[in-house]
Visitor: 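My questions all concern the structure below.
All residue numbers in this chain count up from 1 along the given sequence. Counting convention: from 1, in listed order, for ligands and their atoms alike.
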Amino acid sequence: MNPSSLPVSTDRLVARLEALGRVGALEGGGVCRLALTKADGEGRDLVVGWMKELGLDVVVDGIGNLFGTRAGSRPGPSVMIGSHIDTVATGGLYDGNLGVLAGLEVIAALNDAGIVTEHPVTVAAFTNEEGARFQPDMLGSLVHVGGLPLEEALATKAVDGAVLADELAAIGYAGEASIGGIEAAAYFEYHIEQGPVLEAEAIEIGVVEGVQGISWTELTLTGRSSHAGTTPMRLRRDAGLAAARIAAEVAGLAREIGGDVVATVGSVKLTPNLVNVVAARAVMTVDLRHPDEGILRVVEARFAEIVDRVAAEEKVEVARRTLARFEPVAFAPALVDRVEAVAKRQGRSTRRMFSGAGHDAQMLARVAPAAMIFVPSVGGLSHNVREFTAHADLGNGLSVLAELVLERAGHANVDAAASRGAV
Ligand code: GLV
Ligand code: MN
Ligand code: MN
């Protein structure tokens with residue numbers, strides 16, 4: 001065996017992915033482990049149990065981020081492998097879970113090979129990456145890097161009205177460890193692509209150069225409820241119609257500007273939401289993204305104009321709330337180069353790309369060199385119960401991750417181990 005590689009097992013990784021996928025499993029496939037729900041708590045229990053079995057020193061910080069650390073030959077910052085285990089309500093087995101469980105597999109392989117690394121190696125699972133229940137997304141990693149004060153994060157209200165601090169305490173993960181206490185010398189996140197590019201181009205490894213900018217807004221449109229049969233169209237103040245017009249115009253805007261602009265209205269809630277009543281209120285979300293901050297700002301400005309115009313025409317009032325706003329992030333070029341070099345050295349086809357999805361790595365990039373490895377998603381599907389990545393692809397990314405971690409963490413007992421025939 002090459003001293004720079006590790007005896008990782010894709011079978012063991014897949015067994016853990018499947019076991020975690022049974023927690024919060026949906027009938028017919030997929031998973032619902034929304035952040036800080038009972039299912040998330042059970043998923044965390046499983047992961048913490050595995051961390052302890054592998055001999056890791058487990059700590060939980062004040063926002064519920066989990067860290068399992070394998071000591072190195074000298075103290076200091078860790079080589080950190082991280083991601084998340086919360087899911088959207090209609091999630092799959094891979095988004096986030098892959099990064100955390102691949103981290104555990106690297107640890108298992110280090111243990112099996114009897115390797116002592118110079119740097120500690122830490123596996124991290126960050127709280128509420130998805131942002132489906134609490135906004136913003138990447139909340140745990142944002143707090144970890146000092147981008148959001150803990151008290152503010154703990155006061156965050158869920159879409160179901162629950163307060164984050166209460167939910168964290170209810171599942172037993174209001175930890176005591178200090179925020180940012182575990183420092184990263186480098187951060188690696190291994191993730192499924194969640195889009196169609198790698199599959200379409202038959203590329204094995206995506207070398208991620210950065211993450212596009214994200215802008216999430218909640219609009220509350222207030223009109224007046226009235227009788228659907230008796231109220232002439234010209235006399236309505238229909239919040240439902242205003243929401244529908246905004247949704248259609250925002251999609252039209254993305255198509256008109258073209259390129260990489262994406263715009264999504266993923267949630268619209270009408271009140272009173274009845275067949276024969278003009279809606280008095282619509283609460284809707286708008287998700288805008290682009291890899292270029294300047295273009296994202298133009299899209300945001302045009303979106304604001306659409307909202308003002310439609311609201312005036314439909315005679316509804318508008319309240320706006322920013323749910324998340326993150327500028328595009330570029331990963332550390334030297335580390336990105338290493339991802340590419342290691343993947344190529346292992347014989348994999350590679351492609352450089354930007355991430356369309358948000359990731360904890362974009363937060364960790366504020367405090368440490370960070371990089372990501374992508375593997376193909378079948379049909380480009382994610383945030384979908386049919387999300388799937390083939391066994392061989394999972395193995396390809398795992399091998400790249402393992403080599404990168406060992407390279408970065410340093411191999412303290414390489415000579416002793418080699419002379420024992422352990423490597
Ligand atoms: C997080 O999964 C996102 O919405 O990109
Ligand atoms: Mn993810
Ligand atoms: Mn996701």
Side-chain angles (χ1 to χ4, degrees), residues 17 20-21 24 26 30-35 40 43 47 65-66 81-103 123-142 159 187-197 206 208 210-218 260-267 285-291 296 322-329 353-365 370-377 380-389 394 397 401:
L17 279 165
L20 186 51
L26 296 167
V31 196
C32 176
R33 274 201 319 275
L34 287 165
D40 185 22
V47 169
N65 295 322
L66 301 177
I81 311 165
S83 201
H84 60 98
I85 66 158
D86 66 312
T87 73
V88 296
T90 51
L93 268 58
Y94 305 89
D95 178 359
N97 304 300
L98 176 60
V100 175
L101 301 184
V123 179
F126 293 103
T127 295
N128 187 58
E129 187 273 352
E130 292 290 5
R133 188 169 180 230
F134 297 93
Q135 285 100 31
D137 49 350
M138 286 85 70
L139 180 140
S141 48
L142 182 62
V159 292
Y187 177 83
F188 293 106
E189 188 161 348
Y190 171 28
H191 209 284
I192 54 167
E193 180 203 343
Q194 308 184 268
V197 175
V208 189
V211 178
Q212 67 178 342
I214 300 176
S215 171
W216 286 0
T217 306
E218 179 190 78
D260 293 326
V261 177
V262 283
T264 306
V265 172
S267 171
T285 59
V286 180
D287 171 324
L288 306 172
R289 305 196 197 197
H290 197 276
L296 186 55
T322 299
L323 302 179
R325 181 63 169 92
F326 301 116
E327 292 190 6
V329 171
M353 59 199 303
F354 240 60
S355 172
H359 295 291
D360 295 307
Q362 76 192 83
M363 300 307 166
L364 271 291
M372 292 189 76
I373 304 156
F374 276 178
V375 286
S377 294
L381 280 184
S382 185
H383 289 187
N384 182 311
V385 296
R386 298 204 197 295
E387 177 183 275
F388 183 72
T389 293
L394 294 172
L401 174 72

Visitor: Applying a strict 4.0 Å limit to heavy atoms, is His383 in contact with ligand 1?
Guide: yes
Visitor: For the pair Asn97 (side chain) and Leu17 (backbone), establish whether a donor and an acceptor sit closer than 3.5 Å, ignoring hydrogens and angles.
Guide: no
Visitor: Quick check for you: with the Mn ion (ligand 3) as the vertex, what angle do OD2 of Asp95 and OE1 of Glu130 span, to 10°?
Guide: 130°
Visitor: Answer yes or no for His383: is there an N/O/S atom below the 2.8 Å cut-off from the Mn ion (ligand 3)?
Guide: yes
Visitor: Do Glu189 side-chain atoms and Gly99 backbone N/O form a donor-acceptor pair below 3.5 Å?
Guide: no
Visitor: Check each atom of ligand 1 against the heavy atoms of Glu130 and keep those under 4.0 Å away; list them by number with element.
Guide: 1 (C), 2 (O)
Visitor: Inspect the surroundings of CZ in Arg325 and state if more than 12 heavy atoms from other residues, nucleotides or ligands are less than 6.0 Å away.
Guide: yes
Visitor: Regarding atom 3 (C) of ligand 1: of the candidates Gln212, Met138, His191, Arg289, which has the closest heavy atom?
Guide: Arg289
Visitor: Any side-chain to backbone donor/acceptor pair from Asn65 onto Gly140? Under 3.5 Å, distance only.
Guide: yes
Visitor: Is there an N/O/S atom in His84 at a distance below 2.8 Å from the Mn ion (ligand 2)?
Guide: yes
Visitor: What's the atom name of the N, O or S in His191 nearest to the Mn ion (ligand 2)?
Guide: NE2
Visitor: Which of the numbered atoms in ligand 1 are under 4.0 angstrom from any heavy atom belonging to Ala357?
Guide: 5 (O)
Visitor: Any chance you could lay out the side-chain hydrogen bond (donor to acceptor under 3.5 Å, both in side chains) test for Asp95 and His383, step after step, and finish with the verdict?
Guide: CA-CA 8 Å; Asp95 178 359; His383 289 187; 3.1 Å; yes
Visitor: About how many Å separate CZ of Arg133 and CG of Asn128, when rounded to the nearest 0.5 Å?
Guide: 9.0 Å
Visitor: Does Gly356, backbone or side chain, put an N or O under 3.5 Å from an N or O of ligand 1?
Guide: no
Visitor: Is the closest heavy atom of Glu129 to ligand 1 under 4.0 Å?
Guide: yes
